[in-house]
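Here the structure comes first, spelled out in structure tokens, and everything after it is commentary.
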Amino acid sequence: MTFRRIADSDLPFLARLYASTRTEELAAAPWSEEQKATFLAMQFMAQHAHYQQYYPAADWLVTVRAGADIGRLYIERWPREHRIIDIAFLPEHRGSGLGGALMRDLLDEAAAAGKSVSVHVEKFNPAMRLYRRLGFLTEEDKGVNDLMRWRGPVQGTTLT
């Protein structure tokens with residue numbers, strides 16, 4: 001995987017990626033496909049504006065594999081911790097180990113800098129299992145989300 005900074009020309013891809021993360025959630029909604037698309041477009045733009053406002057120094061990256069855009073990584077590196085704002089992959093790239101590999105690289109980077117890593121995770125997000133396997137602990141219940149934190153590997157263990 002490689003990464004490149006997002007550009008305005010990436011917004012359609014990023015909107016499609018965002019929509020792909022909400023498919024299951026909206027499946028039961030009694031809306032037409034057009035209504036769902038309108039809702040998802042508005043939600044994407046609201047999320048994008050929120051992230052840009054509250055994480056101004058973040059790295060906004062498109063994840064690329066074999067020359068194709070497959071996901072996004074948004075991360076802000078603060079003096080004492082790294083905050084993962086968002087990681088997402090297109091459906092055909094989920095469950096293939098890419099997320100785990102990316103997370104282990106991010107944890108290795110933070111450990112080398114002596115920093116913790118935090119992330120907000122929806123309680124029913126399947127990635128919660130990965131975060132727990134990697135040693136993230138719930139630090140705060142935020143309602144729909146948990147604020148999770150990784151404080152570094154326990155001495156004598158490795159990230160697997």
Side-chain angles (χ1 to χ4, degrees), residues 1-113 115-131 134 136 142 144-150:
M1 286 185 291
T2 59
F3 305 91
R4 63 176 170 72
R5 297 201 179 282
I6 67 169
D8 287 343
S9 60
D10 291 312
L11 290 177
F13 165 74
L14 295 170
R16 184 169 51 93
L17 174 63
Y18 172 81
S20 78
T21 69
R22 306 280 307 266
T23 301
E24 281 185 40
E25 177 185 356
L26 289 180
W31 299 341
S32 69
E33 291 307 310
E34 183 179 326
Q35 289 171 317
K36 289 177 184 180
T38 299
F39 172 78
L40 289 168
M42 289 187 312
Q43 289 290 295
F44 167 72
M45 290 309 295
Q47 181 193 66
H48 185 72
H50 174 84
Y51 284 168
Q52 297 281 315
Q53 178 181 356
Y54 288 97
Y55 300 98
D59 286 326
W60 310 101
L61 306 170
V62 172
T63 308
V64 181
R65 186 169 192 216
D69 297 343
I70 65 164
R72 70 182 185 182
L73 168 63
Y74 299 164
I75 184 169
E76 186 150 2
R77 292 167 175 93
W78 291 325
R80 293 184 182 198
E81 74 179 84
H82 291 180
R83 169 65 56 89
I84 297 169
I85 302 162
D86 193 79
I87 294 178
F89 291 99
L90 290 172
E92 59 270 25
H93 297 281
R94 294 178 197 151
S96 64
L98 294 174
L102 176 54
M103 284 302 303
R104 284 186 293 278
D105 286 349
L106 294 172
L107 297 179
D108 286 346
E109 174 191 327
K115 297 180 183 181
S116 66
V117 177
S118 62
V119 61
H120 286 96
V121 184
E122 290 180 349
K123 292 181 186 300
F124 300 108
N125 184 333
M128 181 74 80
R129 291 185 306 274
L130 171 64
Y131 292 119
L134 293 172
F136 280 81
K142 300 282 215 168
V144 174
N145 299 307
D146 284 346
L147 174 62
M148 301 187 76
R149 182 171 310 279
W150 176 87

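Residues take their numbers from the sequence shown, with the count starting at 1.
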Donor-acceptor pair, distance only, cut-off 3.5 Å: does the side chain of W150 make one with the backbone of L134?
yes

Hey, does Q52 have a side-chain heavy atom less than 4.5 Å from the side chain of H48?
yes

For L147 versus R83, what's the shortest heavy-atom pair and its separation?
CD1-NH2, 3.8 Å

Report the residue from Y74, F3, Y55 that forms a ring pair (Phe, Tyr, Trp, His ring centres under 6.0 Å) with W60.
Y74

Apply the side-chain contact (heavy atoms from CB on, under 4.5 Å) test between L73 and each candidate in I85, L106, I6, D86; give the one that qualifies.
L106

If the condition is side chain to side chain donor-acceptor pair (under 3.5 Å), which residues does R80 pass it with, not counting sequence neighbours?
none

Which value, rounded to the nearest 0.5 Å, describes the distance between W31 atom CH2 and L26 atom CG?
6.0 Å

Could you grab the distance from atom NE2 of H93 to atom CG of D69, nearest 0.5 Å is fine?
9.5 Å

Those residues that, when tested against E76, pass side chain to side chain donor-acceptor pair (under 3.5 Å) (two or more places apart):
W78

Note: S116 and A110 closest approach over all heavy atoms is O-CB, 4.4 Å

Closest contact, heavy atoms only, M128 versus M148
SD-SD, 3.2 Å

Nearest non-hydrogen partners of T21 and A88, listed with the distance:
CG2-CB, 4.1 Å

Nearest non-hydrogen partners of M1 and L102, listed with the distance:
CE-CB, 3.9 Å

Are D10 and R72 ion-paired here, with the side-chain N under 4.0 Å from a carboxylate O?
no

Carefully, step by step, assess F89 and R65 under the rule side chain to side chain contact (heavy atoms under 4.5 Å, CB included).
CA-CA 11 Å; F89 291 99; R65 186 169 192 216; over 6 Å; no

